[in-house]
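Have a look at the structure below before the remarks.
Given the structure is predicted, the values throughout are model-derived calculations rather than measurements. Naming convention: chains lettered A, B, ... in sequence-line order (proteins, then strands); numbering from 1 in each chain.
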Protein chains: 2
Amino acid sequence: MSKGKQDTLFVGSLEKGMRILGVFDERRIEMGLTELAEAAGLDKSAAQRLTNTLHKIGYLNKDPETRRYSPSLKYLELANAYLWSDRFVQLAMPKMIELGRKLGERVNAARLDGSEIVYVIRIPTQLTSFGAMVVGRRLPALTTSSGRAMIACFDADARKRAVETWPIVQATPRTTLDRSKVAAAIEQAARDGYGLTESENIMNEIGIAAPIVSGDGRPVAAVQCSISALRWDIARVRNEIAPHLIEVANSIHLPKPR
Amino acid sequence: MSKGKQDTLFVGSLEKGMRILGVFDERRIEMGLTELAEAAGLDKSAAQRLTNTLHKIGYLNKDPETRRYSPSLKYLELANAYLWSDRFVQLAMPKMIELGRKLGERVNAARLDGSEIVYVIRIPTQLTSFGAMVVGRRLPALTTSSGRAMIACFDADARKRAVETWPIVQATPRTTLDRSKVAAAIEQAARDGYGLTESENIMNEIGIAAPIVSGDGRPVAAVQCSISALRWDIARVRNEIAPHLIEVANSIHLPKPR
DNA sequence: TTTTCCGTATTATTATATAATAAAATTGGG
DNA sequence: CCCAATTTTATTATATAATAATACGGAAAA
């Protein structure tokens with residue numbers, strides 16, 4: 001009823017199947033049938049049929065011993081398809097590698113997806129937490145340098161709405177939970193032309209990011225650098241890193257706003 | 001009939017939906033409905049319902065202008081889930097970063113999936129082709145250093161079968177198409193303890209890889225390094241790179257053979 | 001051993017996806 | 001710029017194909 005006319009074009013089984021595929025994450029590495037059913041919000045019967053199908057077509061590994069399911073390498077094949085399809089990634093990749101070499105620090109590129117940023121390129125030249133090395137990682141935009149850099153490109157209205165409504169999750173003791181302080185950081189980013197965080201996601205990590213904007217001024221991505229606060233101080237990061245990030249960001253022009 | 005009893009546990013709609021998700025690759029970046037239907041081997045009606053569903057749940061982007069579909073950032077979210085789930089990736093990641101710093105060259109880690117290798121870690125410190133920088137990339141095992149390193153760990157029978165039946169595709173003029181030469185390269189790899197290629201995938205690129213074996217001697221992954229043949233010669237690669245790769249490979253012990 | 005939990009297999013029932021077709025919209029050629 | 005051709009979107013009747021309930025078997029725990 002409420003969904004209206006499109007109902008016949010919506011394939012419920014597929015949606016449920018995708019719920020299963022998508023239920024795995026950094027916390028849920030592998031699951032048995034019952035656990036999986038519960039996590040995906042499905043009854044056992046449905047979970048059985050769908051996992052069976054996904055296993056047969058190769059998207060889920062099934063441990064013959066424990067009968068537990070986990071993501072298969074096909075997950076990565078999909079990622080590959082995405083990376084080739086994203087014009088920005090193709091353009092940015094060589095520049096990021098260059099930048100990583102020049103700075104000798106970890107550089108990343110992120111896109112905005114709803115209220116979260118998603119890292120699409122990672123050039124890890126230093127050790128950190130595993131989550132900071134892998135592609136596809138999602139973080140709440142408000143507390144990341146990339147997110148702030150991009151939000152700072154919004155008009156005042158959208159900026160306000162983002163700051164007030166988008167989620168914040170505490171990652172470290174120093175994550176900014178006070179939304180007025182987040183707003184201030186974003187205003188600052190708008191003035192500077194780059195976003196900045198310190199110890200908000202990983203302790204003693206400084207994040208700095210410059211936005212890439214499309215022709216109409218809307219942010220489409222960000223170029224970011226993560227640096228140890230133990231070896232650098234913020235002033236030096238502002239002076240020595242920011243210009244390079246901005247230079248790279250400005251050198252990337254996207255044909256389609258996407 | 002031929003499928004037998006499991007038929008009721010197989011959800012066809014899900015399989016078809018996954019066919020659509022998986023049809024995108026480096027050649028097929030974005031597609032209209034008809035093209036998509038044909039590429040996935042579905043009739044137009046099915047393609048319509050399934051793309052509609054996948055778009056609604058966020059797995060496919062749909063350009064409002066052209067009505068063409070392309071992979072969404074959700075593809076990368078899945079990759080993230082895989083990477084967290086793979087014990088090997090977690091163990092290897094910091095070592096790969098270290099290795100990349102030490103060698104100053106591009107290092108990768110790959111897994112075997114059927115007759116193909118899949119790159120699960122890439123540390124790009126030098127510029128190359130885009131395909132050599134992104135995760136999830138698949139290549140025929142027989143003509144890659146990682147593939148040869150792993151196949152060399154098979155017993156004689158399996159090795160023979162692989163050499164005779166696994167696919168080979170010509171990537172450069174110098175890709176080894178002669179299977180007896182491939183066999184020889186693999187025997188050599190078995191003696192050396194590492195696999196080697198030159199210009200077989202990218203012209204003037206030397207690939208060298210050491211296998212990681214589980215407790216029962218079966219290969220589970222490979223640690224690889226790609227080097228410019230213009231700056232290095234093979235003898236030097238053998239002398240200076242191989243020991244480091246083997247050292248790293250030996251330092252990785254997998255709890256579960258998977 | 002007994003009990004409990006989890007995964008697997010088997011049904012009848014019907015909801016749900018299907019395929020064919022029609023309508024609308026977009027593109028390209030002349 | 002208009003018409004023809006192609007592609008996308010919307011609408012149906014129909015039966016296939018997915019469903020949910022239940023029963024079975026095996027493994028682990030008590």
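- Distance NZ (A:Lys16) to P (D:dA18): 12 Å, rounded to an integer number of Å.
- For the pair B:Leu36 CG and D:dT9 P, the interatomic distance rounds to 12 Å; values are reported in whole Å.
- Contact check, A:Lys62 against C:dT8: a side-chain N or O comes under 4.0 Å of OP1 or OP2.
- One can place OH of A:Tyr69 at 15 Å from P of C:dC6, the figure rounded to the nearest angstrom.
- Per the geometry, CG belonging to A:Asp43 stands 7 Å off P belonging to D:dA21, to the nearest Å.
- Within the 3.5 Å criterion, the main-chain N or O of B:Pro71 finds a donor-acceptor partner in the side chain of B:Asn61.
- Taking atom CD on B:Glu38 and atom P on D:dT7, their separation rounds to 10 Å, with Å as the unit.
- In this structure, CZ of A:Arg68 is placed 13 Å from P of D:dA28, rounded to the nearest angstrom.
- Residue A:Glu65 contributes atom CD, which lies 15 Å from atom C1' of D:dA28 at whole-angstrom precision.
- The nearest heavy atom of DNA chain C to A:Gly12 and to A:Gly32 marks one nucleotide each, and the one closer to the 5' end goes with A:Gly32.
- Residue B:Gln170 places its CD atom among more than 12 non-hydrogen atoms of other residues, nucleotides or ligands, all under 6.0 Å distant.
- Not one N or O on the side chain of B:Arg122 forms a donor-acceptor pair closer than 3.5 Å with the backbone of B:Val107.
- Across all strands shown, A:Ser13 has heavy atoms under 4.0 Å from sugar-phosphate atoms exclusively, and none from any base.
- Electrostatic pairing of A:Lys56 and B:Glu15 does not count as a salt bridge here, judged by no charged N lying under 4.0 Å from a carboxylate O.
- Note on B:Ser45: a base of the nucleic acid sits closer than 4.0 angstrom, heavy atoms only.
- Remark: P of D:dT7 and NZ of B:Lys44 are 6 Å apart, rounded to the nearest angstrom.
- A close approach under 4.0 Å does occur between a side-chain nitrogen or oxygen of B:Arg67 and OP1 or OP2 of C:dT26.
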